[in-house]
Amino acid sequence: MADTSQKKPSGPGAGAGEASEKLWGGRFEGRTDAAVERFTASIHFDRALAHFDLRGSAAHARMLAAVGLISAGDERALIDGLAQIAAQIEDGSFPFDPALEDIHMNVESRLREIVGVDVAGRLHTGRSRNDQVATDLALYLRDVSEAAERGILELRGVLIERAAEHLDTVLPGYTHLQRAQPVRLAHHWLAFAEMFGRDASRQRNLRSRLSDCPLGSGALAGSTLALDRHHTAAALGFDAPSANSMDAVASRDVALEFLSTAAICMVQLSRLAEELVLWSTAEFGFVELSDAYSTGSSLMPQKKNPDVPELVRGKSGRAIGNLVTLLCVMKALPLTYNRDMQEDKEPIFDSAVTLRDSLEVMAGAIQTLRVNTERMAAAADDAMLLATDLAEALVLAGVPFREAHEAVGQIVRHCIGKELDLRSLTREDLQAFHASFSASAAEIASLEGALEGRKVTGGTARGTVAEALSKARADNARRLGELSNGEL
Ligand code: ARG
C-alpha cells in the first residue's frame, strides 16, 4: 500500500513545527523534524495491524481492571473507545495520520479524543510499544499462517482431484528436461500434492511457536506493576505468557520462519507454474490454460499467453527477497528492541499477500486447465523410455545392473544409428548384445509394462497411484477440516 499522503521534503528542517502533537512526553522540548517524521513513519503499512492492535489493547485494558490498576469505569470507557475506533477503521473513516508515526500511536491519539486524555493515558500502563508490536505481529502471523495453510490445502485439493481424472493419462516423466520414463499424469500431479502437503505442515508447525504472549514484557525488562500476564495471554488465545521479557521484544525468528515457509512454498508454486508455461507451448502442447487464466497480446492476435503462471514464477522472487531482507535486518542487532525491526513489516505483509494470491490463481488455473491427453500419449510412445526396463530384465536374469546398463546402452546406440525402434529387436538381435536376453524387446518391454511393473511403494503403477490418491484425498479433507474458519 503506497502512501500518497506524504509530502516531498523541501530542505533540512522544513516543516518542523507543523507536526501533530506526539506522545513523547516531558522529555521532549523540540518537535520532530518533518523529514524525520516522514522517514520514521510506518502507519502507511502497519495499519494492516490495526485489528490486532485493538484486540491487544482491549485485552490489556481488561487485565488492568482485573488487577485493580484501572477502575471498572475506565475499563468500560476504553473498551467502548476501542470499539468505536475499530468501527471507524472498518468503515474507512479513521483519520490515519503519518505525523503520529505508527498504528499504536494513531490509535492512542484517537482514543484521547474519544475518551479523554486521562482515561486514554491509563491504557499504556505497564505496556510499551515494543511488547505491543510483538504481540500484534504474533496475532497477525497466527492468522496469516492459518490462511496460508488453508490456501495451500485448497490448491492441493484441486491437484488431487485433477489427478483423479488422469489416472490413465500417460506422459513422459523427465529428468534434465529429457524424456526419462513413462508416468501417469496422476502420479506427476500427486508429486506436487506431496510438496504442498509439506508446505501446509510447515505452516502448522510454525504456529506452534506462536503460542507465547509477549504482552506484559514492557519495553524489555517486564514491569514493576502487578500485571496478570496469564490473563492477557488467555484472552488473546495464547497458551501462556512469554518466558523471557527480553526475548519477547527482541526476537523475530518466527517472522523469519514465516518468510522462509512462504519463500519455499512460492518456489514450489513457481515450479508448477513453469511446467504450465512449458506444457502450454506449441512445442509441448500438453495443456491449454482456460481463457480466464490467460491473456492475449496487444499486438499479435494469435497469442494466448500464460501470464498467470509467469507472474507466479516471477513473484517467487519477491518472497525470496523478503526473507533475505529480514535476515539482513536482524543479523547484527544487539538485544533487545531496535528500530531497525520496524523494517520487518513490509516484507511480512508482502509475502503473506503474494502467497495468498498466488495460491488462489494457481488453484483456478489448474482447476480449469485443459489437458491434451493425445499429445501426452504421443510423447510417451517413445521406445527409448523403455530402455531401463530392458536393463532390469537382465537383472532378473542374474546380470549385475552395471553390466546390464552397459549392454542396453549399446543397444540404444545401435537403434539410434540404424534408426530402429527399440521394440522391433528380436531375441537374437538382443542376444548379440547380451547372451542373457531370453525374449524379444517387445515381449520384455512395453509402455503398459513400464507403468504396471512399477508397483513398488511410491511408484507409478495404476493400483499404487490409485491408493496414493485416496490417501492424499482423505488426508487433505482431514487437514482442511481441522482448520478453524478464520479468514485473512
Ligand atoms: N513502529 C514500531 C515498530 O514497528 C513500534 C515499536 C516502536 N518502539 C520504539 N521503542 N520505538 O517496530
Side-chain angles (χ1 to χ4, degrees), residues 1 3 5-6 19-28 30-33 35-57 60 85 89 94 96-111 123-144 210 213-223 232 242 245-256 258-259 322 325-352:
M1 201 181 328
D3 178 23
S5 68
Q6 292 186 21
S20 313
E21 190 85 38
K22 276 247 184 68
L23 300 163
W24 301 144
R27 170 72 178 78
F28 277 70
R31 285 168 183 271
T32 317
D33 185 272
V36 172
E37 237 169 49
R38 280 191 296 273
F39 186 68
T40 55
S42 56
I43 187 62
H44 53 292
F45 51 84
D46 69 15
R47 62 173 69 178
L49 295 176
H51 170 65
F52 306 99
D53 199 65
L54 292 167
R55 265 171 65 195
S57 286
H60 189 64
I85 293 174
I89 290 175
F94 186 86
F96 288 108
D97 181 359
L100 289 166
E101 217 177 272
D102 59 20
I103 184 62
H104 322 297
M105 295 216 290
N106 268 264
V107 168
E108 188 172 342
S109 167
R110 186 79 189 99
L111 206 52
L123 178 60
H124 218 52
T125 304
R127 186 176 77 168
S128 149
R129 283 187 297 155
N130 299 351
D131 58 340
Q132 197 179 349
V133 76
T135 305
D136 291 5
L137 204 58
L139 292 171
Y140 173 87
L141 286 171
R142 259 176 16 190
D143 268 30
V144 290
L210 287 169
C213 183
L215 203 58
S217 298
L220 77 159
S223 177
T232 35
S242 54
S245 60
M246 297 178 78
D247 168 52
V249 298
S251 297
R252 292 294 182 271
D253 54 286
V254 184
L256 283 168
F258 175 70
L259 290 176
N322 289 334
T325 297
L326 190 57
L327 284 169
C328 293
V329 167
M330 296 305 297
K331 78 171 181 55
L333 295 186
L335 298 194
T336 52
Y337 179 83
N338 301 269
R339 189 61 179 271
D340 317 43
M341 287 156 68
Q342 179 168 291
E343 291 293 311
D344 61 355
K345 287 172 202 60
E346 285 167 295
I348 292 170
F349 299 160
D350 185 72
S351 279

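Computation of the quantities below employed the complete heavy-atom set of this structure, encompassing side-chain atoms and omitting hydrogens, waters and symmetry-equivalent molecules. Just so you know, ligand 1 is whichever comes first in the structure, and atom 1 is the first atom listed for that ligand.
When each of Leu123, Asp53, Leu49 is checked for a side chain to side chain contact (heavy atoms under 4.5 Å, CB included) with Val107, only Asp53 meets the rule.
Atoms of ligand 1 lying under 4.0 Å from at least one heavy atom of Tyr337, given by number and element, are 2 (C), 3 (C), 5 (C), 6 (C), 7 (C), 8 (N), 9 (C), 10 (N), 11 (N), 12 (O). Taking a cut-off of under 4.0 Å to the non-hydrogen atoms of Val133, the atoms of ligand 1 that pass are 4 (O). Within ligand 1, counting atoms from 1 as listed, the ones closer than 4.0 Å to a heavy atom of Ser42 are 1 (N). Counting atoms of ligand 1 from 1 in the listed order, those under 4.0 Å from a heavy atom of Asp102 are 1 (N), 2 (C), 5 (C).
Close N/O approach between His104 and ligand 1 is not found [any backbone or side-chain N/O within under 3.5 Å].
Between Leu100 and Ile43 there is no side-chain heavy-atom pair separated by less than 4.5 Å. Looking at Asp46 and Asp136, their side chains never come closer than 4.5 Å, going by heavy atoms from C-beta outward.
Ion pairing between Glu101 and Arg129 holds under the 4.0 Å rule for side-chain N and carboxylate O.
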Exercise for review: Show your reasoning for whether side-chain contact (heavy atoms from CB on, under 4.5 Å) applies to Met341 and Asn130.
Suggested key: CA-CA 10 Å; Met341 287 156 68; Asn130 299 351; over 6 Å; no

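Closest protein heavy atom to atom 10 (N) of ligand 1: Asn130 OD1, 3.2 Å. At the top of the distance list for atom 11 (N) of ligand 1, counting protein heavy atoms only, stands Arg129 NH2, 3.5 Å. The nearest heavy-atom contact from the protein to atom 1 (N) of ligand 1 is Gln342 OE1, 2.8 Å.
Contact annotation: Lys345 has at least one heavy atom less than 4.0 Å from an atom of ligand 1.
Although no hydrogens or angles enter the test, the distance criterion places a donor-acceptor pair under 3.5 Å between the side chain of Asp33 and the main chain of Ala35. With Ser242 contributing its side chain and Cys213 its backbone, the two residues share a donor-acceptor pair below 3.5 Å.
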